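Comments concern the structure below.
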Amino acid sequence: VSELLEDPARYKRVFSQEILVSETLDAFTPKNIVLLGPQGAGKSMILNLMRVSVLPEWISADGAPPSPLTEVRPFFGITGNLVRSTFHAFGRRSVSRTMKTTDHDVDLLAAADYLNHYLFAEYLRSLTLLTEVRGQHLRSWLGLSLEDLTGSALVRALSSPRCWAGYYRGCTSLADLIGRAENRLGLWLNFLNANIDEVPSEVWKAKATLEEPLHVMGLALHDLTRLASGISFFVVIDQYEVLPELNATHGTDLQRLLNTLIKARDPLVFYKVGARTHDWGGELRIWGAESRIEVQRDYSVINLTHVLMRNEDRSGWLFPEFAKDVVQKRVQGEGQYTIVKERVPDMFGVYDQEREAAIYMQRSSKRRRALGPLPQDVVDALLDSCESPSPLEARLAGAWALQTLQRGASVESMLREALQRPWSHPWWRKERVETALLQLSSLANQRRRYFGWQTIVGLAGGNISLLLLVCGDIWDAAAKSGMNPIEQRPMSEQIQTEGILDASRKWRERDRNEARGGAQRYDFLGRLGPAIKRRIVNDMAISNPGHFGFSLRETDLAADEKAEQLKTFLNNGVNWAVFEERAHTSKNSEDPTRRKWYLHPLFSPAFGIPYNRVKEPLYLEVRDVYGWVFARGRIAFEGTRQRSRIRPSSGQMGLFPR
Amino acid sequence: MLVGAERCTRTLLFEVSDPPDAFPNYSVEIKKKTEKTKSLLAASAVHFRPVNGRLLATEDELLGFVEAVRAARGETVAIFDITALPKRYFCFLIKRMMRDPKLQGLIACYTQPGKSGYTSDHLAQDPMTCDHLPGFGGPLLRSGDHLAVSLGFETLGLRSLIGTYHYSSARMRVIVPMPMDVTAIARQWRTLKELGDDTRRRFERNKLEIVPTWDSEQVYNTLQRWSGGTNELSLAPYGPKPHTLAMALFALKHGSGMYYSQPKSYNPDYSRGVGLSWGYVLKWDGIACYDRVPALA
């Protein structure tokens, strides 16, 4: 993604603006927006389209934007990457200390000045781009004329306001202004990098105030355009969420500074902030006061998780269509192959449960094994009740029979009921079929096979980066075996499985090596994944088909310090696309709202657990999960209540006589 | 160690503690090993003054340590052992010592591990989000920047560095250390392969430079060649300390930025034994090495 963002032509070739922008069109309207989503959800790709340096590629010769953007007012966007700009270092290298004062506002005044001049330099460079040939169509969309952009009136309007404290006095061109801004930024960087011991007095004397310079920039655009609608001035704030991590002493204060800009609700300047799902909201106060920025009043939220992740009933799920578009654009734009969007799934073929089952148990004689640990006198009758010789049906029938017997039914009544084949009931089957397939692969001592477009879309879990990781690794596996996925479709199950397992392992390693807190998650997953698998493989009755996720009461997660610690751990896991999280209604009507967590679907191949979400996860207490995460012992994937219920007393008899 | 009038005047021992939320938390093992080292030094009649600091020390805190190593009372030479110091410490301190006019001579030294080499386990874990090393923020990046990566045994956080600072494959070059033993060489190439796989980059031969782990000068010269003498080369020091040292010197000379994803947890059995020791004369007669040798300047 990083490469695409800095290459506007490549970005245009691969970005699915038609789908993604139309679904997030609110982000391109004149309001403050916070775009939320886990790592890899596409936040940066969306926000990138706002930048003046990128937009020229998208504007046609007659000055028209791509289709979804025809609905919004033309906009002029700049980006402030808070880490690349070194803004995050204010306070770590402290101005107040050099001035021998304990007033931390001094550091925030310095940071505000730096931010203003940094954004001003970005703004000026963007204006300069509009004066060039490649900016001419964008200029026309914005209703700006070359004469106005190169005239002295604009330079005067930008340099003379009092907010700059006279710093830009005497500048006569955009280039002059840029040079002056860069000079000031250079002085600040010298201080931050400890090249100099004090902030030069000429810098300190001419500090810019926080909000006004950005208003001046917005006003200049507003006055310059000939469009009746005006222009929206967007400021994209990148890396907001890492400020507290990279600057432990002043990071949240720096966030308060940015919150103050949002709170100002300037009618000419609109802020667009991208943040990982749970990284927003930790610090909402503004600078120097206890008042907070408020959602709907000061800003709106667009949550990409809601846009791209699947509802449990699959209704209106956007992701499959989006996925086809993304893969087609990558194959065509980066791979230089021609493929129409509708043929993308053909590369991977159609997933078929019976075909998968047949891979594990090709001979019908193995069906007995598929039934599970049932008494011999039941086996033949049950197999006779099955409609087909499918090992999958046998496994489902076996699971149903075990469950029925465990509930206390007699063998005779179970066999009578079996004649109706209750395991074929759509809902009963749907909730258990994936577990049944996993058990078949385990009974056959084989790894599970993964293939088919539906499987790939499911494993990506609504995350576009992960979809690309999976497709890329399948493509690599095909290339290694000397085949071309475009010409020889669909790719074999073996190749697809190989690529998917690679991607699954890679995602786990990558979280460990790249993401904040990944080492601890790696450790936890390394114990949780096998625990879930043990439970699934051993539960031959498939009594609790949803027990590969767990659920906690929302209120319990705020109960004490340990609960908060666990909540942070889980939230970070969601941020980094390691867990999926959803609110759900408790099966106990008196229970408060609960939340449930599953491992991200892409981990399923690595651990051999299901990836399709099924209702009713394992209900747990905070202390259970806290112990798993922080005590670092072996995990038994069961709750406290279950443990006390399941453990048989020494005198208890087994289900079947030996 | 500070030297004045041809004798050692002061020896300082930096004791750097991992953050409390580091994972895995090795604080107990580290404490034991530190105590053992202190006892060994005491038994060898090395009198030192401890300087305690946090691994994630801010620029302000590091400036405090600079005060500790500032030349005083006729001290003119410092001998600085970088073997066990985190990069964010020694790069910053070297920067300030190079600029300290009272200090006429500065020698860095580094000791390689013994025959047993490095642990086969992870050397470091729990990386933070990528950031510049304190004091090495570099100029505001432009689209023309190139990134030189000094490769280590792991690619901890390197992807996030590429993501944060947006370096494209065409502009990335890699310095591959050539370690002493075969196991380490295999590990090195595996890391390079991972870097290529993970970032979907192909590294052509002319974008790789293989350099012995101890050879700071060759790293410096390579960077010089790659940069064409400009500051448009950013540096990612993930490799051995002498390579990081060369990068720091290059950054000092050219004003380049150094970017790193700081691990929060270091393996207490990072390396075993004592191998060859190397000395690097960074400054003498008050003139920095890169300003002395015409080829380097």
Side-chain angles (χ1 to χ4, degrees), chain A residues 1-7 10 44 53 81 83-86 88-89 91-94 96-98 118 121 182 185-186 189-195 197 238-239 241-242 245-250 334 468-469 472-473 476 502 506 509-510 512-523 632, chain B residues 19 21-24 54 56-63 66 92 95-96 99 122 124-132 134-141 143 154-171 194 197-201 255 257 259 261-265:
Chain A
V1 170
S2 58
E3 289 185 43
L4 299 176
L5 296 180
E6 65 174 323
D7 183 343
R10 276 182 77 190
S44 301
S53 56
N81 183 315
V83 175
R84 259 202 277 180
S85 66
T86 321
H88 65 295
R92 293 192 327 202
R93 172 79 169 112
S94 164
S96 54
R97 182 177 285 203
T98 62
Y118 177 79
E182 285 180 345
L185 295 172
L189 287 175
N190 268 337
F191 174 76
L192 293 172
N193 283 328
N195 296 335
D197 290 330
D238 202 2
Q239 304 276 337
E241 73 263 41
V242 301
E245 182 199 359
L246 295 184
N247 188 339
T249 50
H250 288 72
E334 300 283 282
L468 291 169
L469 175 67
D473 280 1
D476 286 350
D502 262 357
K506 211 175 270 181
E509 285 292 332
R510 202 176 281 183
R512 173 192 198 159
N513 293 335
E514 300 291 335
R516 177 161 47 102
Q520 191 170 17
R521 285 192 293 276
Y522 185 91
D523 170 80
R632 298 184 68 190
Chain B
D21 63 342
F23 187 91
R54 303 180 310 125
L56 303 181
T58 63
E59 284 84 342
D60 275 358
E61 289 169 71
L62 291 168
L63 280 168
V66 168
F92 191 90
K95 170 177 175 164
R96 294 292 296 208
R99 292 179 175 184
H122 287 280
Q125 292 190 72
D126 207 1
M128 295 176 68
T129 300
C130 178
D131 192 1
H132 62 264
F136 291 87
L140 291 173
L141 298 170
S143 55
E154 352 221 353
T155 56
L156 270 189
L158 192 50
R159 275 176 54 84
S160 92
L161 185 150
I162 292 163
T164 305
Y165 293 97
H166 296 191
Y167 289 97
S168 77
S169 54
R171 297 193 267 110
E194 274 168 26
D197 286 352
D198 279 4
T199 56
R200 302 211 169 273
R201 286 170 160 80
Y259 305 96
S261 37
Q262 177 65 53
K264 287 200 277 191
S265 173

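In this text, all values refer to a predicted model and were calculated from it rather than measured experimentally. Residue numbering restarts at 1 for every chain, and letters A, B, ... go by the order of the sequence lines.
Here the closest heavy-atom approach between residue B:P127 and residue A:R512 is recorded as CD-O, 3.8 Å. Considering every non-hydrogen atom in both A:D197 and B:R96, the closest pair reads OD1-NH2, 3.1 Å. When all heavy atoms of B:D131 and A:R92 are compared, the closest pair comes out as OD2-NH1, 2.7 Å.
Contacts of B:P134 with chain A are absent, with no heavy-atom separation under 4.5 Å from either backbone or side chain. A:Q239 touches chain B through its side chain: at least one heavy atom from C-beta onward sits under 4.5 Å away, while N, CA, C and O do not. B:T129 touches chain A through backbone and side chain together, each having a heavy atom under 4.5 Å away. If you measure heavy-atom distances from A:Y522 to chain B, you find no contacts under 4.5 Å at all. Only the side chain of A:L189 comes within less than 4.5 Å of a heavy atom of chain B; its backbone N, CA, C and O stay farther away. Neither the backbone nor the side chain of A:A248 comes within contact range of chain B; no heavy atom of the residue lies under 4.5 Å from a heavy atom of that chain. Of the atoms belonging to B:L156, heavy atoms from both backbone and side chain fall under 4.5 Å from chain A. Heavy atoms closer than 4.5 Å to chain B are found in both the backbone and the side chain of A:R93.
One distance of note links NE2 of A:H250 with OG1 of B:T58; it measures 9.5 Å at 0.5 Å rounding. Remark: A:T98 OG1 to B:D60 CG distance equals 8.5 Å, nearest 0.5 Å. In this structure, CZ in A:R516 is found 11.0 Å from OG in B:S160, a value given to the nearest 0.5 Å. Going from atom CZ of A:R521 over to atom CZ of B:F23 covers 11.0 Å, rounded to the nearest 0.5 Å. To the nearest 0.5 Å, atoms CD (A:Q520) and NZ (B:K264) are separated by 9.5 Å.
Ranked by heavy-atom pairs shorter than 4.5 Å toward chain A, the options B:H132, B:E154, B:Q125 are led by B:H132. Interface summary for chain B: among A:V83, A:L246, A:T86, A:T249, the most heavy-atom pairs under 4.5 angstrom belong to A:L246.
With sequence neighbours excluded, the residues forming a side-chain hydrogen bond (donor to acceptor under 3.5 Å, both in side chains) with A:N195 are A:N190, B:K95, B:R99, listed by chain and number. Judged as a side-chain hydrogen bond (donor to acceptor under 3.5 Å, both in side chains), and not counting sequence neighbours, the contacts of A:R632 are A:D523.
Checked by atom type and distance alone, the side chain of A:N193 pairs as donor or acceptor with a backbone atom of B:G137 at under 3.5 Å.
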